[in-house]
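Values below: all heavy atoms of this structure, side chains included; hydrogens, waters and symmetry mates excluded.
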Amino acid sequence: MNHLPRLIADYLCLWRDIIRFPRQVLLNRSHSIASLLGIAGFCVVDLLIARPLTTTATFVALAVFAPSALVSVAGSLAHALWDRGLIWADIACEWCGDDPDDDGPDDGLGPDDPDDPHGLIREITDYLSEQRTLTVTR
């Protein structure tokens, strides 16, 4: 699947992984609404334009996106039950659960102290002060 476009590869992986890891796929798909938006977009265009071509395109979009949209809707229902603690307490949602490497709030995101000898601003200032400008006279 390395040579397939990303959208097609993701679609094929969804159906491969739903058989292998159904609970995890349902929890993760509850956060993906792209297929529902695709169906809604085609339906809106068909309602506004109402031509045979747009109706055909809407039917094709339903055939392509509907299975994925159904998995997303089922995942949303499963996620709501999981969030209340009614099902699957042994797994965590990859989207809204805590990251295993997350050890709390990031304290190092503030601006650098100008007096800090190891800060990014100090490194940039030192680099710029060391640069020499060569001028050529003609």
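- Without hydrogens or angle criteria, Tyr11 side chain to Val64 main chain gives a donor-acceptor distance under 3.5 Å.
- In this structure, Pro22 has no side-chain contact (heavy atoms from CB on, under 4.5 Å) partners at least two apart in sequence or on a different chain.
- The minimum heavy-atom distance between Ala92 and Trp82, with the atom names listed, is CA-CZ2, 3.9 Å.
- By the criterion of side-chain heavy atoms lying less than 4.5 angstrom apart, applied directly or through intervening Ile, Leu, Val, Met, Phe, Trp or Tyr residues, Trp15 is grouped together with Ile19 in one hydrophobic cluster.
- The two atoms that bring Leu26 and Val71 nearest to each other are CD2-O, 3.8 Å, heavy atoms only.
- With rounding to the nearest 0.5 Å, the separation of CD1 in Ile33 from OG in Ser68 is 11.5 Å.
- Residue pairs that meet the side-chain hydrogen bond (donor to acceptor under 3.5 Å, both in side chains) test with at least one member in residues 31-42, sequence neighbours left out, are His31-His79.
- Leu62 and Leu48 are members of different hydrophobic clusters when ILVMFWY side chains are connected at heavy-atom separations under 4.5 Å.
- Residue pairs meeting the ring pair (Phe, Tyr, Trp, His ring centres under 6.0 Å) criterion with at least one partner in residues 46-69, sequence neighbours excluded, are absent.
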Do any side-chain atoms of residues 36-44 form donor-acceptor pairs under 3.5 angstrom with protein atoms, and if so which ones, sequence neighbours left out?
none

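- Atoms CG and CG, from Leu4 and Leu12 in turn, are 6.5 Å apart once rounded to the nearest 0.5 Å.
- Distance CZ/Arg29 to CG/Leu70: 11.0 Å, rounded to 0.5 Å.
- Listed by chain and residue number, Leu86, Ile87 satisfy the side-chain contact (heavy atoms from CB on, under 4.5 Å) test with Leu81 (two or more places apart in sequence, or in another chain).
- Residue pairs meeting the side-chain hydrogen bond (donor to acceptor under 3.5 Å, both in side chains) criterion with at least one partner in residues 50-59, sequence neighbours excluded, are Asp46-Thr54, Asp46-Thr55.
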